[in-house]
Structure formats: structure tokens, C-alpha cells
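Proteins come first, then strands; the chains are lettered A, B, ... in the order of their sequence lines, and each starts at number 1. Values reported hereafter were calculated over all heavy atoms of this structure, with side chains retained and with hydrogens, waters and symmetry mates removed.
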There are 2 protein chains.
Amino acid sequence: MSKQPKYRQVADALRREIVNGAFDSDRRLPSESELSARFDASRNTVRSGLALLVSEGLITSSQGLGYEVRSHEVFELNASRFENLQFPQNGDSYNTDVTNAGRRPHQTFRVEMLPAPAEVAERLKVEQGSKVVLRFCHRYVDDVPWSTQATYYPAWLIEGSPRLADPGDIEEGTTRYLAGRGIEQIGYFDEIATRMPTPEEARLLEVGAGVPVLLWTRTGYAPDRPIRCTITTFRGDLNRMNYEIGDLAGRSENT
Amino acid sequence: MSKQPKYRQVADALRREIVNGAFDSDRRLPSESELSARFDASRNTVRSGLALLVSEGLITSSQGLGYEVRSHEVFELNASRFENLQFPQNGDSYNTDVTNAGRRPHQTFRVEMLPAPAEVAERLKVEQGSKVVLRFCHRYVDDVPWSTQATYYPAWLIEGSPRLADPGDIEEGTTRYLAGRGIEQIGYFDEIATRMPTPEEARLLEVGAGVPVLLWTRTGYAPDRPIRCTITTFRGDLNRMNYEIGDLAGRSENT
DNA sequence: TAGTGGTCTAGACCACCTC
DNA sequence: AGGTGGTCTAGACCACTAC
């Protein structure tokens with residue numbers, strides 16, 4: 001067992017106290033100067049230790065207030081039910097799910113036309129840089145930024161379904177609108193990844209250090225080709241996804 | 001536009017250069033003292049800026065060597081094909097998938113019996129603290145730690161399928177072994193989450209700061225009840241998961 | 001041995017919050 | 001006003017890697 005640097009000893013001691021629930025009543029941590037005295041370390045050394053815990057997502061800090069242990073409430077999204085292939089819902093189930101959970105949903109929305117980014121062009125099987133329609137949602141739950149969702153449609157789709165490019169909402173939902181115009185979505189390809197947020201994402205989702213984002217890319221297919229690509233960026237600390245595969249009768253019984 | 005602190009200016013400038021590919025040929029960054037001179041900032045201030053980029057997962061540092069921009073190669077795991085419900089493969093497809101990708105798989109393995117942790121007990125529908133069998137894999141690809149996989153089986157399952165508790169490998173795969181003993185897995189419930197690694201996970205997966213882990217929890221169901229719970233922890237920088245849902249004929253055509 | 005990053009200190013000043 | 005964290009400095013010494 002080699003000797004740990006002092007700032008790690010500080011972090012380890014505080015981490016142990018946090019997971020043991022030492023700060024459960026009042027989530028505030030002692031101030032930097034108190035910790036500095038307690039650990040017989042300079043304020044900067046204590047700060048290094050606290051910075052570690054922040055980057056682990058265990059605590060947050062705010063100027064003038066102090067350090068607090070982070071709370072954990074998560075929202076679960078059922079990706080395999082999110083859009084039902086047989087009965088496409090109104091838009092997607094975001095509003096319903098959030099309301100059912102007793103929370104208050106809110107979103108801002110915009111539509112634009114732009115050259116396809118590389119990842120999108122690849123998934124939609126169009127030339128990189130060819131025009132695509134972007135429908136972008138910034139979603140909140142109880143006024144906390146929750147996720148961003150960017151859906152891209154290829155230009156060829158707009159000719160027969162012009163309302164996709166309209167800046168307004170599509171009441172019946174885009175999936176149903178497309179189905180009504182003969183474009184039926186019969187399959188999805190979902191990709192899930194994680195990484196630390198870019199500064200832009202950190203701004204939109206208001207996440208501090210130590211919170212990764214969950215990236216969900218869903219490419220929707222008509223019988224012959226892809227018709228949309230939706231990239232959703234979740235706050236990793238507030239969201240979890242799930243999939244149901246096969247027969248889950250055994251899941252609902254007892255309990 | 002308010003004035004940014006100096007260490008953020010440093011981070012922003014370097015981030016811009018990194019994403020623009022300024023260091024693509026030689027991935028090494030200038031040394032701290034060079035940057036200190038260039039930005040007319042103290043070494044500590046430059047270090048704060050670099051620490052930001054490390055925590056964003058953009059660069060790594062190593063003592064005596066310097067800072068390097070991180071490389072991005074990712075491995076894709078098809079979760080909806082990972083175990084085929086009709087034709088369970090030998091164990092899971094980890095070995096096959098990795099070998100097919102031209103990489104060299106390697107794993108260590110152990111089996112133990114322990115009281116069920118809360119998350120596992122809940123998913124297996126057994127009493128918290130009741131005995132479960134844990135089969136644990138630590139997986140490498142080309143000698144790089146890749147993921148850990150912990151599969152828990154409830155004690156009642158062992159009576160009819162005692163080899164689950166044996167410390168050795170099960171040649172034909174646990175799924176097939178169980179199927180042969182009348183325990184057929186007919187559905188899954190998958191949960192996916194992300195967070196920063198615990199110190200223990202950081203050690204096992206050898207991830208530095210700025211790399212989140214991807215958590216994949218699969219609960220497998222027999223017709224009447226859950227029979228296993230598998231918790232896989234991936235390095236977020238090296239892995240991506242995907243699901244195929246519905247009909248994806250349009251995916252394979254042209255390109 | 002020389003150069004790199006890693007740790008630690010002591011102190012200064014600023015920005016924000018609460019009373 | 002007084003306490004909190006945020007920024008920044010200058011300098012010391014250590015640990016690791018290269019040559």
C-alpha cells in the first residue's frame with residue numbers, strides 16, 4: 001500500500017463519509033477553511049480533493065454557498081415503447097411520460113434547414129452536406145433542463161411531406177403525419193453512447209463538472225430506406241433508458 | 001459577453017486547436033511551461049485550464065511525458081443480437097465479436113456466492129441479502145481493460161442447475177446449460193445508465209479522469225420469473241451499444 | 001541529467017450569498 | 001460585514017521518462 005497524496009486522502013475520507021450518509025440530514029459539507037484545519041492541509045490542497053469529488057459527480061459547489069452532496073433522482077425512459085410501431089402516438093411519449101410521473105414538462109422548439117452533418121448524412125444515406133430538415137427540441141422537467149432532441153429528415157422526404165419543414169408543431173405527430181402520406185416507419189436502429197458534455201451541451205443542459213451525457217441516436221426506417229435520424233442528449237445524472245425484449249410476462253407477476 | 005477567467009481562455013484556445021486538428025500529426029501538446037509563457041499565465045493557471053480539458057475527456061496527461069490528445073476508437077456492441085433468444089450462443093458473443101473485429105480478447109473469471117445487493121435482489125425478486133451466485137468477468141481487448149460483467153443467479157436456480165455455482169467455465173454457455181435443464185430464457189429487460197466511475201471501477205477499467213462508464217443491466221426472464229441479472233460496466237470512451245427494433249431491411253440495401 | 005508533469009504551500013484579491 | 005467559494009501567483013520539492 002503506497003502512500004497516497006494528501007489531496008486524495010482528503011477526497012477518500014470525505015467520499016467515505018458521503019456514501020455512509022454522514023451528510024444526509026443537512027447536505028452541506030464543511031467549508032474549505034474548516035476542512036483545511038481538520039486535515040492540516042492548505043486550502044488549495046483541500047480544494048484539489050473537493051475537485052476530485054466534483055469530477056466524480058458526488059458533490060457540487062456554488063460560490064458563496066459551499067459544497068453540497070448531489071441528489072440522485074432519475075427519470076426512466078422506455079426506449080422500446082417510446083414510439084409504438086403499430087400505434088404511433090402524438091409526437092413521442094415525452095409529454096405523457098413526464099406528466100404521468102407527476103412532473104411538469106416544458107419544451108422549446110425550432111425548425112431549420114441545413115447541410116447534413118457527417119454522422120447524420122451517413123445514417124440517412126444521403127450525401128454529406130446535402131440539405132436536411134432539423135426539428136430541434138430543448139426539454140425541461142419542472143424547469144430543470146433535461147434533454148435536447150434533434151431530429152433530421154432528408155430533403156427528398158420534404159417534397160411529399162412539406163409540413164416537416166414548417167416551423168410549427170405537427171399536431172398529430174410527425175410519425176403519424178408521415179404514415180398518412182405513405183411513409184411508414186417499420187423499424188429502428190438505436191445507438192447509445194456516453195461522454196463528457198461539450199461546453200455547448202453543458203450550457204444547454206446546465207450540467208456542471210462530473211456529469212456525463214447519455215447520447216441516444218435513433219435512425220428510423222421505411223421498408224426501403226432511412227427516413228429520419230433523431231439524436232437525443234440526456235443529462236446522465238437524471239436519466240436512464242430501458243428496453244424490453246421478448247416476453248416479459250414474468251416481470252409483472254408478484255411485486 | 002462577460003470576461004472569462006484566464007484558465008478558461010487557455011482551455012478554450014487549446015480546445016479549439018484540438019478540434020481543428022492542430023495536433024493531429026504529433027498528438028503531443030506543448031509543455032506546461034511553454035503554455036505558461038504563451039498565455040502569460042502562471043504554471044498553475046495553465047494547469048487549471050489543462051485540467052478542464054482532461055475532465056472533458058479531450059486529453060490525457062502522464063507524468064514525465066506530457067499531455068496528449070485522446071484517441072477515439074470505439075467498439076460497437078449489438079445488444080439486441082447479443083444473445084439470440086432462439087439460438088443461444090456459446091456464453092455470449094463477446095469473444096466472437098471481438099475476434100471478428102480483428103482484435104484479441106482476453107478475460108479473467110471468478111465465481112462466488114454472496115448476499116444479494118439491493119439492486120440485484122430487487123431485479124431477481126428475491127429477499128435482499130439472500131444468497132445469490134455471482135459469475136464475474138473482467139474483460140480485455142488487446143490487453144486494454146474493456147468492461148466488467150457481473151451476472152447474478154438466484155439461489156433457487158442452483159438446486160436444479162448446480163454447475164452455475166462451480167468455479168469453472170460452462171462450456172456450452174450458461175444460457176444453453178439452463179435451457180437444457182428446463183429453464184428457458186424468453187425475455188430481457190435492459191437498463192442503460194451512465195455516470196462517472198467509482199474509484200474501484202476506475203482501477204479495474206484503468207480509466208483516468210474525464211471518462212464516464214456506461215452501465216448496462218440486463219435482467220433475463222423465464223416464463224414465470226426472473227432468472228438472472230447481468231450488470232456490465234463499459235469504458236464509455238471505448239464502447240457504444242445498439243439495438244435493432246422492427247424491420248431493418250432498408251438498412252442493408254445500398255451502402 | 002534535463003525536462004516533463006504531480007503535489008503542496010502561503011497569501012492575495014475577487015465575486016457571490018446571507019444576515 | 002463576514003463568510004463562502006473562485007481565481008491567480010510564485011516558488012518549492014518530488015516522481016517519472018527520456019537520452
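- Under the rule for a ring-ring contact (aromatic ring centres under 6.0 Å, His included), the partners of A/Tyr243 that lie at least two apart in sequence or sit in another chain are B/Tyr243.
- Atom CD of B/Gln63 is separated from atom P of C/dG5 by 10 Å (rounded to the nearest Å).
- OP1 and OP2 of C/dG3 both lie 4.0 Å or more from every side-chain N or O belonging to B/Ser33.
- For the salt bridge (charged side-chain N to carboxylate O under 4.0 Å, His left out) test, residues two or more places apart in sequence or in another chain that qualify with B/Glu201 are B/Arg195.
- The distance between atom CD of B/Glu32 and atom P of C/dG3, rounded to the nearest whole Å, is 15 Å.
- If you check residues 39-60 of chain B against DNA chain C, the residues with a heavy atom closer than 4.0 Å are B/Arg43, B/Asn44, B/Arg47, listed by number.
- Using a 30° and 60° split on the angle between ring planes, A/His106 and A/Tyr140 fall in the tilted class, from 30° to 60°.
- Side-chain nitrogen and oxygen atoms of B/Ser62 include none within less than 4.0 Å of the OP1 or OP2 phosphate oxygen of D/dC16.
- Every residue two or more places apart in sequence or in another chain was checked for a ring-ring contact (aromatic ring centres under 6.0 Å, His included) with A/Phe39, and none qualifies.
- Here the side chain of A/Tyr7 is nearest to one of D/dC8, C/dT7, C/dG6, namely C/dT7.
- Residues passing the salt bridge (charged side-chain N to carboxylate O under 4.0 Å, His left out) test with B/Glu206, sequence neighbours excluded: none.
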Could you list the donor-acceptor pairs under 3.5 angstrom formed by side chains in residues 50-60 of chain B, with sequence neighbours left out?
from	atom 1	to	atom 2	distance (Å)
B/Ser55	OG	B/Leu52	O	2.9
B/Glu56	OE1	B/Arg15	NE	2.9
B/Glu56	OE1	B/Arg15	NH2	3.4
B/Glu56	OE2	B/Arg15	NH2	2.8

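- Two residues, B/Pro5 and A/Leu65, neighbour DNA chain D, and the one matched to the more 5' nucleotide by heavy-atom proximity is A/Leu65.
- Proximity of B/Ser31 to the phosphate of C/dT4: a side-chain N or O atom is located under 4.0 Å from OP1 or OP2.
- The shortest distance between the side-chain N/O atoms of A/Tyr67 and the OP1/OP2 oxygens of D/dG6 is below 4.0 Å.
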